[in-house]
Amino acid sequence: MEFQDDNKSHEAEKPEEVKIKEYDNRKKLGGMKTIPFILGEASNIVSNFDGTSSLTPLIGALIADSFAGRFWTIIVGSIIYELGLISITTTALLKSMHPPPCPSLVDCKEASGIQLSTLYLSLLLLAVGLGGTRPCVMNYAADQVDMSKLSVESRTWNFFNWYYFSLGFARLTAVTVVVYVQDNVSWGWGLGIPTITMAAAFIVFLSGSPLYKKVKPGGSPLVRVIQVIFAAIRKRKAVAPEDPSLLYQNQELDSAISVHGRFLHTPQFKWLDKAAVVKNGEAAYPSPPNLWKLATVHRVEELKSFLRLLPVWAAGILLVTANSHSNSFNTQQARTMDRHLSSSFQIPPASMSFFGIVTVIIGLALYERLFVPFARRFTRNSAGITYLQRMGIGLLFNILSTVVAALVEKKRRTVAENHNLVDNPKAIVPISVFWLVPQLSLHGMTEVFMVVGQLEFLYDQSPESMRSIALGLFWIANSAGNYLGTFMVSLIHQYTGHKNNWLPDRNLNKGKLDYYYWLVTGIHAVNFVYFVICAWCYSYKPLEEDSEATEDGADRNGKIELTTAEKV
């Protein structure tokens, strides 16, 4: 945390006082202010890391769903990630592995080639490790409970709500304890805590291995998709029968990729049905067919199901695009505002995200225990509302959060103008930092509805053999959104000019950050309209579930439950 130094004496100092002052100065070295010199052109490196670490989950997902399985993908990914943490912690602890501190910020020594190479290697290990854990951990946790429709509807709790709820506590620790250690102890310990925690978590995870349910991978989903497309192209002149029951089906062949239910035929994307048209004895028993020439209905519907969710998934890209720089701007705003909780204690600007995270934690608990039972009375839906309705409400919260952000920034800048502080970039504007809490809390509610709803939607509506890939898509949306957000900010810098720049680098008081928030609000509004159209046209996947496969034991007569297509 930050403490205000009110000692402004300029009197001559005694030798003992000089020694004490030198010791105090040494204590002030390090911390967050040294990071630009440890990382070397930090902003570009961090941008590249964010982009790469959001792309690698798709690769990890393909590996997990194709042959490795989620358990071993998590194991290998965790080991690589831990190596990355050890490496980057070492760069902070060893003086030879980073440039010397530069408190003056003038003529600072740049990082050497070896130092930068070590840093890049550390970040690469972290990105690769995240590729193995991000798309698999939540799916693997879901594998341990019965996620069939009958079981989910009979439960009084939502797996995704409680998963994200527990994740919130980890985030809360990061923005409080870890930030405090970085600011007041050392950057080495600030990195060391996550390194030690990750190692301990890995040991705990590994110790439970004998108890886990390990779902076997069903082969490469990418190959199956290509096979369906290739077969449909080969039979592009074929005429699909009016009766879909005449299309090729083979439950034994699809058993490994339809453990929790088989897809039923849907009328969408009819040209893909040609891949399941039987010609010239292609399905002769007992030999399995050539899957490059003939696909089962289940495999065709796998592809259809994946194609149907893509337009809804795309709405998440613009959401991230518009919000990609919000945390940075919130931190910049907080630095210019009165952050005192007492005469000597100030809230670190980076810890302001605490309020958004607390909102997520409280909001998820209230959603689970109050909102769902209340909504269930009117909707007759066991989940209270559908995934798409939940996502839509989240998008509305997001629009409201940016509207509030624009109004608050206008208020902050007006106070700066009234106190003649516009030309002083280091001035503390006499307005409480708690003015930022409403927009942070509203953004937290966006996560409660939109982000958790999106995770639930991607998991449930994707084919079970592609669920890791579906979660990989979630991170791809983050990657694409962050890159587009950076591009948008670059355009704002370019077209608003040097004198009237909306987003000045050094003096926020001279900018027009509220204009940026209004622009973002417009983007969110357009994205909301797009989402509503996609949701209105969306049909939930039709799936038949064998009640014998469920764990609740309610019905053992082999009945089939049909999840019909419905619209939001």
Side-chain angles (χ1 to χ4, degrees), residues 1 164-165 168-169 171-172 174-176 179 318-342 345-367 370-371 390-419 421 428-453 485 502-503 508-509 511-525 527-528:
M1 302 295 179
Y164 209 80
F165 178 85
F169 282 99
R171 296 167 60 196
L172 195 62
V175 301
T176 53
V179 168
L318 277 182
L319 177 71
V320 176
T321 298
N323 289 332
S324 59
H325 288 71
S326 294
N327 286 336
S328 297
F329 293 141
N330 288 336
T331 301
Q332 288 185 44
Q333 288 174 291
R335 289 187 186 279
T336 70
M337 302 170 79
D338 181 8
R339 294 176 279 115
H340 283 89
L341 290 179
S342 68
F345 182 80
Q346 297 187 83
I347 302 175
S351 290
M352 286 302 296
S353 56
F354 165 88
F355 297 99
I357 297 171
V358 168
T359 301
V360 171
I361 294 173
I362 297 174
L364 283 170
L366 294 177
Y367 181 92
L370 295 180
F371 178 80
R390 182 174 186 174
M391 293 167 66
I393 293 173
L395 290 175
L396 288 176
F397 269 116
N398 200 54
I399 293 173
L400 185 59
S401 72
T402 54
V403 169
V404 172
L407 297 175
V408 169
E409 171 56 19
K410 176 64 176 178
K411 170 71 174 179
R412 188 201 65 82
R413 201 173 71 250
T414 299
V415 173
E417 291 172 351
N418 292 339
H419 288 79
L421 299 174
I428 299 300
V429 180
I431 180 174
S432 174
V433 74
F434 291 106
W435 277 85
L436 297 178
V437 171
Q439 67 198 61
L440 294 171
S441 297
L442 286 168
H443 187 72
M445 293 304 297
T446 300
E447 290 191 52
V448 170
F449 283 87
M450 174 60 188
V451 177
V452 181
W502 289 4
L503 309 172
L508 196 63
N509 296 331
K512 300 289 184 181
L513 181 58
D514 51 327
Y515 289 8
Y516 168 82
Y517 281 128
W518 286 121
L519 173 63
V520 166
T521 301
I523 294 174
H524 285 320
N527 192 40
F528 176 75

Tell me which one of Val403, Thr446, Val520, Thr521 satisfies side chain to side chain contact (heavy atoms under 4.5 Å, CB included) with Asn398.
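With Asn398 as partner, side chain to side chain contact (heavy atoms under 4.5 Å, CB included) holds for just one option, Thr446.
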
Over all heavy atoms of both residues, which pair between [X] and [Y] is shortest? Give the atoms and the distance, please.
X      : Y      : value
Ala334 : Met352 : CB-CG, 3.9 Å
Pro430 : Leu421 : CD-CD1, 3.7 Å
Ile357 : Gly168 : CG2-O, 3.3 Å
Phe528 : Gly392 : CE1-O, 3.6 Å

[atom2] on [Y] to [atom1] on [X], rounded to 0.5 Å:
X      : Y      : atom1 : atom2 : answer
Glu417 : Thr414 : CD    : OG1   : 5.5 Å
Ile428 : His340 : CD1   : NE2   : 8.5 Å
Met337 : Leu436 : CE    : CG    : 4.5 Å
Glu447 : Ile361 : CD    : CD1   : 10.5 Å
Arg171 : Thr176 : CZ    : OG1   : 12.0 Å

With the side chain counted from C-beta on, respond yes when [X] and [Y] share a heavy-atom pair under 4.5 Å apart, and no when they do not.
X      : Y      : answer
His524 : Leu319 : yes
Thr321 : Ile523 : no
Phe329 : Leu503 : yes
Arg412 : Leu508 : yes
Leu364 : Phe371 : no
Phe434 : Leu341 : yes

Under 3.5 Å, is there a donor-acceptor pair between the side chain of Arg390 and the main chain of Val448?
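Yes, the answer is positive, given that a donor and an acceptor are paired below the 3.5 Å cut-off.
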
Donor-acceptor under 3.5 Å (Arg339 side chain, Ile347 main chain):
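Yes, the answer is positive, given that a donor and an acceptor are paired below the 3.5 Å cut-off.
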
Do Tyr516 and Glu409 pair up side chain to side chain, a donor and an acceptor below 3.5 Å, judged on atom types alone?
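Not at all, the side chains of Tyr516 and Glu409 share no donor-acceptor pair under 3.5 Å.
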
Side chains of residues 437-444: which donor-acceptor pairs under 3.5 Å do they make with residues two or more places apart or in other chains?
{"unit_1": "Gln439", "atom_1": "NE2", "unit_2": "Asn330", "atom_2": "OD1", "d": "3.0"}
{"unit_1": "Ser441", "atom_1": "OG", "unit_2": "Thr359", "atom_2": "OG1", "d": "3.3"}
{"unit_1": "Ser441", "atom_1": "OG", "unit_2": "Val437", "atom_2": "O", "d": "3.0"}

Neighbour count >12 (heavy atoms, 6.0 Å) for atom OH, Tyr515:
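Open.
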
Does Trp502 have more than 12 heavy atoms from other residues, nucleotides or ligands lying within 6.0 Å of its CH2?
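Check passes, neighbour count above 12.
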
Pair Tyr164 and Tyr367, ring centroids less than 6.0 Å apart:
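No: the rings miss the under 6.0 Å criterion.
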
Going by the rule side-chain contact (heavy atoms from CB on, under 4.5 Å), which residues pair with Thr331 if we only count those two or more places apart in sequence or in a different chain?
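Partners of Thr331 under the side-chain contact (heavy atoms from CB on, under 4.5 Å) test: Arg335, Pro349.
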
